[in-house]
Amino acid sequence: MTTMLKADEGLMTLPSDQDATGRTLGAEELANLAEAIESGTLTTTKGTFGKRLEEAFAKKVGVDHAYALTSGSSAIHVALGAVNPNPGEEVITTSVTDMGALSPIVYQGAIPVFAEVDPKTLNVTAETIEEKISDRTRAIIVTHLFGNPCKMNEIMELARSKGIPVIEDAAQSFLASVDGEMVGSIGDVGCFSFQQGKHMTTGEGGIVTSSDPDLARRMFLHINKAWGYGDSNPDHYFLALNYRMSELQAAVALAQLDKLDGCVETRIQNADRLSELVGDIDGIETPVIEEDARHVYWRYCLTIDDSKIKDGGVGMAAILKEKNIFTAPRYIQKPSFMCQVFQEKNTFGESGFPFNLARPEAIDYRSEAYPMTVKGLNDILVMPFNEMFTEKHIEYVAKHVRLAAEALRVN
Ligand SMILES: *Cc1c(COP(=O)(O)O)cnc(C)c1O
């Protein structure tokens, strides 16, 4: 096979976003943490870090309001709480996303209606969303998957024409933009996650953004048990949990936010370099990005043509693993709606709620109904990627991608 790369070839260990090798956590976060602890105030209702984070983040994304909270999942939950659907009303979402973007729909008593995706980007489009719109549609959630923005101009045009609010799941797409507008500011609400592996992290955490005063107000309340902080006659106005971030997380997030531009720039440079190095390999396609879009590469994904490369992404992954390159063929393995929670309607006791209220067409949760999703997941290979990758890591990955493709070449 590949004689020049035998035993003398050292294995490289790639930086991991699950520990210090692939993260930028350091002195700045520690200094903020010390300040927070010494202040003795660890709740963001009284401290300053939460407020500073919210102001700085809103400014960065270009919105009027940002509210920090406990996770990307709670971000989606409060966004839906703000929209406030009636039980059985529908929320259009994507067949390829994190469960944290889906379970909140069900908790709010709404029906997740899954839109197909473009198999090249695994993103929903205006066309795939439009197919799913009904007179019960109360919201659209778009996920900018892997940091690659959806075609927001067309999606917003469609949504506006129908009067349906758009929630952007920007958990993977910090500082991504379309026509120079930041994701999280294009729809009515933006949702971000600070989970360990995201562009900026507090271990667990998140933030919501909006310039709509009514939605912003309801999200603020939803984070705070719907208690009217600062009102002359406050009460618990509606059903809501405590989703508040602590000052400890906010202290870390504020330091991380300062590093976000650098993180994104490095990722884009590395991605461009990787595309340059593997772009000519027959059977492998580099990321497809819309004109006017800025992809921020939460993950760098290749599309593998299994008619040219034996066993496609799965075959590539097995070879790359031997070189310490841990990839994820098929990303989430199966369309989101194939998970047990949806297949078995494991929700509230034996009730089947809210699915018992659904139109049958809205809950057609079968892979056969989603050929583009199946194709997209089949072809995708998610590469390891983070801001601590250097030129030598990129060259190492590129070399082994080329060798794996050659080893599996279908003649
Ligand atoms: C990470 C992620 C979430 C959930 O965020 P958590 O902080 O893990 O709750 C939601 N949507 C997408 C697209 C994500 O990547």
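Hydrogens, waters and symmetry mates are skipped; everything else that's a heavy atom, side chains included, is used. Order of listing sets the numbers, starting from 1, for every ligand and every atom in it.
Using cut-offs of 30° and 60° for the angle between ring planes, the Phe355 and Phe342 rings count as perpendicular. Below 30°, between 30° and 60°, or above 60°: for Phe146 and Trp298 the angle between ring planes is below 30°, a parallel geometry. Classification of the Tyr67-Phe220 ring pair by plane angle, with boundaries at 30° and 60°, yields tilted. A perpendicular orientation is assigned to the rings of Phe114 and Tyr365, their planes being inclined by more than 60° (bins at 30° and 60°). The aromatic rings of His400 and Tyr396 stand perpendicular to each other, their planes meeting at an angle above 60°, with 30° marking the opposite boundary.
Near Asp169, with a cut-off below 4.0 Å to any heavy atom, the atoms of ligand 1 are 10 (C), 11 (N), 12 (C), 13 (C). Residue-ligand proximity, Ser73 to ligand 1, at heavy-atom distances under 4.0 Å covers atoms 4 (C), 5 (O), 6 (P), 9 (O). Listed by number with element, the atoms of ligand 1 under 4.0 angstrom from any heavy atom of Thr97 are 13 (C). For ligand 1, the atoms sitting less than 4.0 Å from at least one non-hydrogen atom of Thr143 are 13 (C), numbered in the order shown with element in parentheses.
Looking from atom 14 (C) of ligand 1 to the surrounding protein, the closest heavy atom is Lys198 NZ, 3.3 Å. Annotation: atom 15 (O) of ligand 1 to nearest protein heavy atom, Gln172 NE2, 2.8 Å. The protein non-hydrogen atom at the shortest distance from atom 8 (O) of ligand 1 is Gln195 CG, 3.6 Å. Atom 4 (C) of ligand 1 has its closest protein heavy atom at Asp98 OD1, 3.6 Å. Remark: minimum distance from atom 6 (P) of ligand 1 to any protein heavy atom is reached at Gly72 N, 3.5 Å.
Atom-to-atom distance recorded for Ser173:OG and Asn148:CG is 9.5 Å, nearest 0.5 angstrom.
Taking the six-membered ring for Trp, His222 and His77 have ring centres closer than 6.0 Å.
Both the backbone and the side chain of Ser71 come within 4.0 Å of ligand 1, counting heavy atoms alone.
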